[in-house]
*Asks:* 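Next up is a structure, given as structure tokens.
So that the names make sense, note that chain A is the first sequence line, chain B the second, and so on, each numbered from 1.
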Amino acid sequence: MVMAQATSAVHWFRKGLRLHDNPALLDALRSAQHVWPVYCWDARLVTPQAVGVNRVQFLLQCLDDLDRRLRERQSRLTVLRGDALEVLPRFMRERQVSLLTFEGDVEPEGRARDERMLRKCHQMGVQVHSFATHLLYDPDRVIRELGADELPLSYGPFVARVTEALGAPALPLAAPPETQSFGTPDTDPQAYAVPRLEELEAYRGMTATTPLKGGETTALAVLGAFLSERRDEARQFSKPHTSPTAFEPASTTQLSPHMALGCLSARLFYYRVQELHPLRRPPVSLIGQLWWREFFTTVAYATPGFHSMKENRLCRQIPWSADAEEQYRAWEGGRTGHPFIDACMVQLRKHGWLHHLARHAVACFLSRGDLWVSWERGRDTFDRLLVDRDYALNNANWMWLSCSAFFHQYFRVYSPIKFPQRFDKEGTFVRHFLPVLRNMPAKYVYEPWKAPLSVQREAGCVVGRDYPYPIVDHEVVSKENLAKMSEVFSRERRPMEKFAKKRPRPECVE
DNA sequence: GAAATGGTTGGCGCA
DNA sequence: CTGCGCCAACCATTT
């Protein structure tokens with residue numbers, strides 16, 4: 001069958017904000033003479049309630065960078081304002097576009113939107129080519145090859161079975177060269193420009209405070225620098241041994257926001273890191289981190305209602321406090337009276353980023369460790385404030401830390417005092433993010449309420465006046481909560497039992 | 001099917 | 001500095 005050559009195509013950017021390793025973009029360029037690179041900006045979805053100002057800035061930087069790189073290729077990014085399902089079909093109709101390409105989304109809302117766009121395109125007679133390039137492997141293919149009922153729910157078997165069934169990930173593709181013709185027809189530069197933060201009505205008066213900078217150019221530079229300047233670290237990388245209290249520089253790559261938005265291709269990361277061999281092995285290695293992303297995203301992809309305790313079949317039902325507004329507010333606002341927890345929450349708000357282990361500590365504290373608040377609330381806070389917000393990773397890790405799924409050793413409780421002391425005896429991290437504790441002696445910096453009043457006065461930080469009293473006594477509540485968890489585990493049905501697997505036994509063949 | 005094993009990243013007391 | 005048992009008996013997977 002001979003396919004009619006599409007003369008005009010739109011490549012629709014959503015995640016996958018990059019030119020390198022972008023098969024959907026290359027497909028548009030191959031199939032059409034005129035290619036519009038398009039991004040849809042829906043002001044109804046980008047509000048301070050849903051997306052913190054730090055992430056908005058990061059996203060806008062990504063779009064600016066894309067636009068810049070496209071202009072180097074005599075093209076540009078066309079930003080359409082409004083609901084993608086309205087504005088994109090209209091745009092395509094007006095310009096007689098006959099092909100739409102994009103990277104298929106992996107999260108539920110994005111998948112539903114893609115599905116609706118696909119139907120609209122069918123009605124309009126527009127071809128759609130979508131590519132599964134957010135992960136190392138196409139999750140549909142992984143699920144098909146392994147079987148939806150056979151998808152391992154633990155990391156090791158997942159990595160082993162995917163590798164065994166699918167082999168090495170596909171090699172990353174190069175970006176279109178600067179000589180590549182996009183043939184993008186002129187569009188009104190004012191109407192379709194990348195928005196500037198200052199012009200967003202909903203964010204009026206807000207200023208981003210994150211040092212993280214978005215965009216493919218930055219992502220590639222950060223990766224390159226980490227792999228060359230911190231080569232030995234990259235080789236030896238073992239996540240549990242990196243420090244949650246390190247900042248400027250952080251003890252990890254901080255590439256997560258770029259991975260979340262696809263400024264950096266997972267496959268490029270995989271093969272660039274692989275070059276460093278010999279390497280430490282998963283799960284703790286750098287590539288091991290990428291496999292966690294692969295694992296959680298694929299499981300989330302295969303699990304309806306993944307983000308909901310009630311609807312997610314993998315999630316344990318735990319009777320979290322019904323009325324915990326005050327506790328939750330104190331946690332979110334960094335006013336728990338536990339300096340490490342509060343400092344982490346300040347860093348989260350300020351930088352839109354926390355070290356993975358710091359996320360563990362605050363997540364454990366909010367949920368099963370101390371405050372007994374549902375992981376869904378903490379998840380919402382992270383969703384809003386994290387620059388690297390990722391549907392699957394955020395939900396999975398909250399379930400992990402709250403012992404709702406994936407992780408079950410509920411007697412392992414993070415201490416808001418002992419845990420940070422392992423990494424930062426002096427309290428440098430806490431002093432930086434909570435300047436009120438700057439002069440507190442190291443002995444009391446994680447538990448200032450224990451300092452004699454004279455010491456508090458000397459340090460210029462009197463607990464109850466300059467810094468809150470602890471809202472809970474960790475020693476007491478963590479024991480009480482452990483007992484509650486013990487009861488849940490013994491009394492409640494195990495999450496999977498509700499859905500006892502009825503896998504037909506293979507019949508004996510005569 | 002029962003038992004053993006291992007599980008990215010706790011904390012404590014003890015040797 | 002390391003390792004072990006305990007906390008209380010977790011889950012997923014393998015044998």
Side-chain angles (χ1 to χ4, degrees), chain A residues 146-147 149-162 164 236-246 250-252 256 279-296 299 303 313-318 338 340-341 344 354-365 367-370 393 396-424 446-447 474-501 503 505:
Chain A
L146 268 49
D149 293 338
E150 314 281 332
L151 201 61
L153 295 173
S154 50
Y155 177 88
F158 177 86
V159 175
R161 298 213 43 212
V162 171
E164 167 194 272
Q236 297 298 317
F237 189 92
S238 170
K239 191 61 159 280
H241 295 124
T242 59
S243 171
T245 56
S251 60
T252 52
S256 52
L279 282 163
R280 205 178 276 271
R281 291 190 121 56
V284 295
S285 66
L286 271 184
I287 284 176
Q289 304 310 303
L290 198 61
W291 274 110
W292 281 104
R293 175 178 185 264
E294 197 79 9
F295 169 57
F296 284 140
V299 171
T303 308
R313 69 185 192 101
L314 306 179
C315 185
R316 175 170 287 105
Q317 306 299 305
I318 298 173
H338 288 277
F340 180 59
I341 301 299
C344 287
L354 280 177
H355 184 278
H356 189 60
L357 295 182
R359 300 183 197 201
H360 277 212
V362 299
C364 184
F365 190 90
S367 60
R368 69 185 163 90
D370 295 80
L393 273 51
N397 279 304
W398 273 97
M399 282 187 265
W400 181 292
L401 264 302
S402 61
C403 283
S404 298
F406 304 111
F407 178 78
H408 315 279
Q409 292 172 270
Y410 57 82
F411 33 86
R412 294 193 177 178
V413 179
Y414 285 84
S415 160
I417 295 132
K418 300 290 178 201
F419 181 69
Q421 278 175 343
R422 265 174 34 200
F423 302 93
D424 184 5
Y446 292 112
E447 35 191 355
H474 175 75
E475 291 305 314
V476 174
V477 295
S478 63
K479 296 276 181 305
E480 290 170 3
N481 290 347
L482 197 118
K484 281 194 235 174
M485 288 302 281
S486 171
E487 201 189 332
V488 172
F489 273 74
S490 62
R491 191 173 36 103
E492 293 280 310
R493 293 273 58 87
R494 289 198 288 279
M496 293 301 289
E497 246 166 55
K498 296 176 298 205
F499 306 90
K501 270 189 200 168
R503 197 177 303 154
R505 290 199 153 277

*Asks:* Without decimals, in angstroms, what is the distance between A:D149 CG and C:dT13 P?
*Replies:*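 From A:D149 CG to C:dT13 P: 13 Å.
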*Asks:* Between A:H355 and A:T242, is there a side-chain donor-acceptor contact under 3.5 Å, judged purely by atom types and distance?
*Replies:*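 Distance-only check passes for A:T242 and A:H355.
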*Asks:* Between B:dT8 and C:dT14, how far apart are the P atoms? Round to whole Å, please.
*Replies:*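 One P to the other, the span is 13 Å.
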*Asks:* For A:L153 and C:dC10, what is the distance between atoms CG and P respectively, to the nearest whole Å?
*Replies:*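 Result: 18 Å.
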*Asks:* How many whole angstroms separate atom CZ of A:F158 from atom C1' of C:dA12?
*Replies:*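 Taking atom C1' of C:dA12 as the reference, CZ of A:F158 is at 15 Å.
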*Asks:* Of all heavy-atom pairs between A:P240 and A:L357, which one has the smallest distance, and what is that distance?
*Replies:*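 What the structure gives for the nearest pair is O-CD1, 4.1 Å.
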*Asks:* Expressed in whole Å, how much space separates the C1' atoms belonging to B:dG1 and C:dA8?
*Replies:*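 Here B:dG1 and C:dA8 have their C1' atoms 25 Å from each other.
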*Asks:* Would you compute the distance between atom CD1 of A:I318 and atom CE of A:M485 and round it to the nearest 0.5 angstrom?
*Replies:*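 Here the interatomic distance stands at 4.0 Å.
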*Asks:* Within this structure, what is the CG-to-C1' distance between A:L146 and C:dA12, rounded to whole angstrom?
*Replies:*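 So the two atoms are 15 Å apart, to the nearest Å.
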*Asks:* Please report, rounded to the nearest Å, how far the P atom of C:dA12 is from the CZ atom of A:F406.
*Replies:*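 After rounding, the reported distance stands at 10 Å.
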*Asks:* What string of B, S and - do you get for nucleotides 8-15 of chain B, 5' to 3', if B is base contact, S is sugar-phosphate-only contact and - is no contact with any protein heavy atom under 4.0 Å?
*Replies:* BBBSS---
*Asks:* For B:dA4 versus C:dA9, give the span between their C1' atoms, rounded off to a whole number of Å.
*Replies:*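 Pairwise C1' distance, B:dA4 against C:dA9, rounds to 15 Å.
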*Asks:* So what does the secondary structure string of DNA chain B come out as, 5' to 3', with Watson-Crick or wobble pairs under 3.5 angstrom, [ ] for crossing and | for pairs with another strand?
*Replies:* .||||||..||||||
*Asks:* On a whole-Å scale, what distance lies between the P atoms belonging to B:dA3 and C:dC7?
*Replies:*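 About 22 Å, rounded to a whole number of Å.
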*Asks:* Counting distance only, does the side-chain N/O of A:S154 pair as donor-acceptor with the main-chain N or O of A:G156 below 3.5 Å?
*Replies:*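 Flag not set: sc A:S154 to bb A:G156 has no pair under 3.5 Å.
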*Asks:* Answer with base, sugar-phosphate or nothing: what part of the nucleic acid does A:P152 contact at a heavy-atom distance below 4.0 Å?
*Replies:*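 The answer is sugar-phosphate, as A:P152 gets under 4.0 Å only of primed atoms, P, OP1 or OP2.
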*Asks:* I need the CZ-C1' distance between A:R368 and C:dC10, as an integer number of Å.
*Replies:*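 So the CZ-C1' distance, A:R368 to C:dC10, works out to 11 Å.
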*Asks:* After noting the C-alpha distance and the side-chain angles of A:V413 and A:N481, does the key distance pass the side-chain contact (heavy atoms from CB on, under 4.5 Å) rule?
*Replies:* CA-CA 10 Å; A:V413 179; A:N481 290 347; over 6 Å; no
*Asks:* Looking at A:Y410 and A:R368, what are the two nearest heavy atoms and their distance?
*Replies:*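 Heavy atoms only, the tightest pair is O-NH1, 3.1 Å.
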*Asks:* Can you spot which of A:F158, A:F296, A:Y155 makes a ring-ring contact (aromatic ring centres under 6.0 Å, His included) with A:F406?
*Replies:*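 Going through the options one by one, the only one that passes is A:F296.
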*Asks:* Taking the P atom in each of B:dT9 and C:dA12, what is the distance between them to the nearest angstrom?
*Replies:*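 Straight-line distance between the two P atoms is 16 Å.
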*Asks:* Taking CD from A:E150 and C1' from C:dT14, how many angstroms apart are they, rounded to a whole number?
*Replies:*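 Taking CD of A:E150 and C1' of C:dT14, I get 15 Å after rounding.
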*Asks:* Where do A:P283 and A:Q289 come nearest, in terms of heavy atoms and distance?
*Replies:*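 In this case the closest contact between A:P283 and A:Q289 is O-NE2, 3.3 Å.
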*Asks:* Verify side-chain contact (heavy atoms from CB on, under 4.5 Å) between A:H338 and A:F340, making sure each step is shown before the conclusion.
*Replies:* CA-CA 6 Å; A:H338 288 277; A:F340 180 59; over 6 Å; no
